[in-house]
Amino acid sequence: MLNYQRYKRVPVVNFPERTWPDKEIQKAPVWCSVDLRDGNQALVEPMVVEEKVEMFNLLVKLGFKEIEVGFPSASQIEYDFLRTLVDRKLIPDDVEVQVLVQCREHLIKRTFEALQGIKKAIVHIYNSTSTLQRDVVFHKDREEIKEIAIVGTKLVQKYMADCDTKIRLEYSPESFTGTELDFALDICTAVQETWGATKENPIIINLPSTVEMTTPNVYADQIEWMNTHFKKRESIILSVHPHNDRGCAVASTELALLAGADRVEGTLFGNGERTGNVDILNVAYNMFSQGINPELNIENVREIAEICERCTKMEIPPRHPYAGKLVFTAFSGSHQDAINKGMHALKERNSEYWEVPYLPIDPSDIGRVYEPIVRINSQSGKGGVAFVMDTFYGFKLPKGMHKEFADVIQKISEQQGEVAPEQIMDEFKKNYLDRKEPIHFRKCRITDTETGDGEFATLAKVTYTDHGIEKTFEGIGNGPIDAVQRGMEDALGIQIKVLDYTEHALASGSGAQAASYIHLVDQVTGKATYGVGISSNITRSSIRGIFSAVNRLFY
């Protein structure tokens with residue numbers, strides 16, 4: 001039995017004045033990528049300089065204006081990477097690089113050496129403030145911990161005096177979620193006042209969920225409490241840095257934005273320590289799905305995924321929101337049917353808005369394609385098979401034919417699992433288009449004729465092979481299909497009736513082929529089936545459909 005009694009609940013915030021539950025996200029926050037620092041340090045095999053350069057270039061391409069590039073005082077490779085960006089002139093004028101550093105003088109000095117030649121940068125200082133870490137790691141009281149942050153701020157001011165780089169300061173009370181709110185406010189205010197933050201020269205106060213400790217609503221309460229208790233709020237850019245220990249980082253971020261956060265730090269696809277950072281793309285695509293401009297260039301999620309997988313050497317799970325290989329795939333038959341109907345309705349109505357069941361966004365809007373939307377397995381239904389035939393190959397199967405053909409595919413899927421669209425088409429050919437034996441249609445001549453009572457009718461003269469022997473028959477009816485049906489009954493000694501007939505063009509243009517679907521019943525046994533024929537000539541495609549159905553019914 002789980003020893004749940006070892007764990008105690010994290011206290012909630014007594015904050016009845018909260019307003020965030022009644023708000024909606026209206027616009028994108030300031031995005032800051034920490035892929036090159038927080039994300040990189042969590043990799044089994046950290047990125048080398050050239051991989052970091054490729055990742056940096058991707059982040060710039062995506063439209064990030066603030067990018068944390070590393071901890072240049074921590075190692076030579078971190079230092080060298082920042083200098084590579086400078087030496088190669090890879091930092092655009094509208095992008096601020098952000099560097100992380102602890103509140104120690106020799107580290108801050110080294111950091112400013114790395115910043116030489118950069119036009120503008122954010123220096124991000126931090127120290128841990130939580131009750132637990134003050135007790136078991138640092139053995140310091142509140143005032144001693146606060147003094148570390150104040151000294152760190154003064155050291156940044158000291159070294160920036162001799163630096164040509166325009167510096168902005170970011171301060172993080174690390175492990176904020178485990179810090180008493182009154183102390184978090186006290187230490188942040190001390191840094192804010194020491195820095196001399198103003199509306200014109202604001203400070204970034206970053207409140208990280210370094211370890212996600214409780215439900216997202218509590219984090220939102222913590223953020224709003226801080227937001228409403230800050231002095232000179234206009235001099236603060238309120239930032240959040242949620243981690244995903246409880247699997248709620250996206251929710252925590254969205255609620256934090258409702259609670260007053262201006263800025264979000266995270267990584268592409270959520271890479272980071274333990275269960276990761278917040279997935280910035282997930283949050284951004286969520287905004288996009290609500291008609292909000294995410295203000296990032298994220299139109300091609302597969303390209304982003306390919307670069308991230310190559311640089312991080314980590315695979316994106318197939319069910320990962322928006323980017324996973326299977327997220328726009330439906331195996332359920334009812335889902336497939338609903339998607340099929342939704343796509344048709346969208347096209348028919350020419351709607352301004354995207355509304356398709358089970359697809360919250362149009363996959364093509366983010367660089368995905370319709371090919372993998374529906375996958376067929378033993379759980380799929382008739383709607384999914386029909387959707388594949390229509391979407392991939394242009395065959396709009398009559399509704400009555402959906403189950404008949406789906407049953408064919410169902411048997412295959414029960415034996416082998418998933419059935420690819422190509423195999424579905426092969427089975428369609430085998431069961432319908434290529435059912436040409438033993439009765440094989442060769443050619444026909446359709447003419448008008450006059451019946452005994454003086455009425456005009458259609459005469460069909462058909463040449464066919466029966467078990468390889470060439471034969472002919474003639475039939476008279478009120479149209480080509482009726483005439484062929486009557487002629488076949490006499491020639492083959494069968495009794496058949498056409499229950500339904502539909503046809504459509506397979507492609508546009510002068511060379512378009514027509515597809516004809518004939519629903520035929522054996523009037524002796526009552527057994528019915530469909531036949532399908534294609535030809536550039538509609539009459540010929542109809543006759544081929546009749547022959548296909550006869551071969552399916554009787555042979």
Side-chain angles (χ1 to χ4, degrees), residues 7 9-13 29-44 46 64 66-68 70-71 74 98 100 102 124-134 136-137 170-181 184 188 204-226 238-286 308 312 314 316-317 320-321 323:
Y7 303 94
R9 294 186 182 183
V10 175
V12 299
V13 179
V30 175
W31 303 107
C32 176
S33 162
V34 295
D35 288 88
L36 293 165
R37 196 269 308 172
D38 212 357
N40 184 59
Q41 76 175 18
L43 296 176
V44 174
F64 285 92
E66 298 179 13
I67 302 172
E68 191 162 88
F71 204 139
Q98 180 170 302
L100 187 71
Q102 292 173 321
H124 181 185
I125 62 172
Y126 71 98
N127 65 314
S128 191
T129 59
S130 72
T131 308
L132 182 62
Q133 292 217 36
R134 294 199 314 262
V136 304
V137 179
E170 175 176 346
Y171 172 69
S172 292
E174 192 204 359
S175 59
F176 163 75
T177 47
T179 304
E180 309 92 329
L181 282 175
C188 289
I204 300 170
I205 297 294
N206 186 53
L207 303 178
S209 174
T210 309
V211 178
E212 188 176 40
M213 302 173 69
T214 186
T215 51
N217 61 297
V218 176
Y219 187 52
D221 281 349
Q222 292 172 320
I223 298 301
E224 186 169 353
W225 191 93
M226 294 287 287
L238 181 53
S239 177
V240 292
H241 182 117
H243 276 244
N244 198 42
D245 299 87
R246 293 169 54 91
C248 300
V250 169
S252 294
T253 301
E254 293 181 330
L255 297 191
L257 290 173
L258 298 178
D262 308 307
R263 180 178 183 269
V264 172
E265 292 188 346
T267 59
L268 304 178
F269 305 114
N271 178 38
E273 292 282 15
R274 304 179 307 280
T275 56
N277 294 316
V278 66
D279 180 345
I280 280 184
L281 291 176
N282 194 341
V283 179
Y285 284 128
N286 284 354
C308 285
T312 65
M314 294 178 64
I316 295 168
H320 195 100

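- Considering all non-hydrogen atoms of both residues, Gly260 and Leu238 come closest at O-CD2, 3.8 Å.
- Atom-to-atom distance recorded for Glu254:CD and Asn282:CG is 7.5 Å, nearest 0.5 angstrom.
- Heavy atoms only, all atoms of each residue included: Thr253 and Pro242 are closest at OG1-CG, 3.1 Å.
- Between Val30 and Asp262 there is no side-chain heavy-atom pair separated by less than 4.5 Å.
- Considering only heavy atoms from C-beta on, Tyr219 stays 4.5 Å or farther from Met213 through its side chain.
- The two residues Phe269 and His320 come nearest to each other via the heavy atoms O-CE1, 3.3 Å.
- Residues Val250 and Val278 meet the side-chain proximity criterion, which asks for heavy atoms closer than 4.5 Å.
- Note that OG1 of Thr210 is 10.0 Å distant from OH of Tyr126, once rounded to the nearest 0.5 Å.
- Put simply, the side chain of Asn244 never gets that close to the backbone of Gly276: no donor and acceptor are under 3.5 Å apart.
- For the side-chain hydrogen bond (donor to acceptor under 3.5 Å, both in side chains) with His243, the lone residue among Asn277, Thr275, Thr177 that qualifies is Asn277.
- Not one N or O on the side chain of Asp35 forms a donor-acceptor pair closer than 3.5 Å with the backbone of Thr267.
- Inter-residue side-chain proximity for Val137 and Ser128 is flagged as unmet; no heavy-atom pair is nearer than 4.5 Å.
- Expressed to the nearest 0.5 Å, how far CD of Glu265 lies from CD1 of Ile67 amounts to 12.5 Å.
- Checking side-chain atoms of Asn206 against main-chain N and O of Tyr171 turns up no donor-acceptor pair under 3.5 Å.
- The NE2 atom of His241 lies 4.0 Å from the CG atom of Asp38; values are rounded to the nearest 0.5 Å.
- A salt bridge links Glu170 with Arg263: at least one charged nitrogen is closer than 4.0 Å to a carboxylate oxygen.
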ask   = Run the side-chain contact (heavy atoms from CB on, under 4.5 Å) check on Cys188 and Leu207 step by step: do they pass?
value = CA-CA 10 Å; Cys188 289; Leu207 303 178; 4.2 Å; yes
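- Panel note: side chain Glu212, backbone Arg246; a donor-acceptor pair is recorded below 3.5 Å.
- Proximity of Pro208 to Pro173: side-chain heavy atoms (C-beta onward) are separated by under 4.5 Å at one or more points.
- Atom-to-atom distance recorded for Ile204:CD1 and Glu66:CD is 5.0 Å, nearest 0.5 angstrom.
- Of all heavy-atom pairs spanning Ala261 and Ile223, the tightest one is N-CG2, 4.3 Å.
- Using modelled atom types, no side-chain atom of Gln133 and backbone atom of Ser175 make a donor-acceptor pair closer than 3.5 Å.
- Side-chain atoms of Thr129 do not come within 3.5 Å of backbone N or O of Thr179 as any donor-acceptor pair.
- Minimum interatomic distance between Phe71 and Leu100 (heavy atoms only, all atoms of both residues): CD2-O, 3.2 Å.
- In this structure, the separation between CD1 on Ile280 and CG on Asn271 is 12.0 Å, given to the nearest 0.5 Å.
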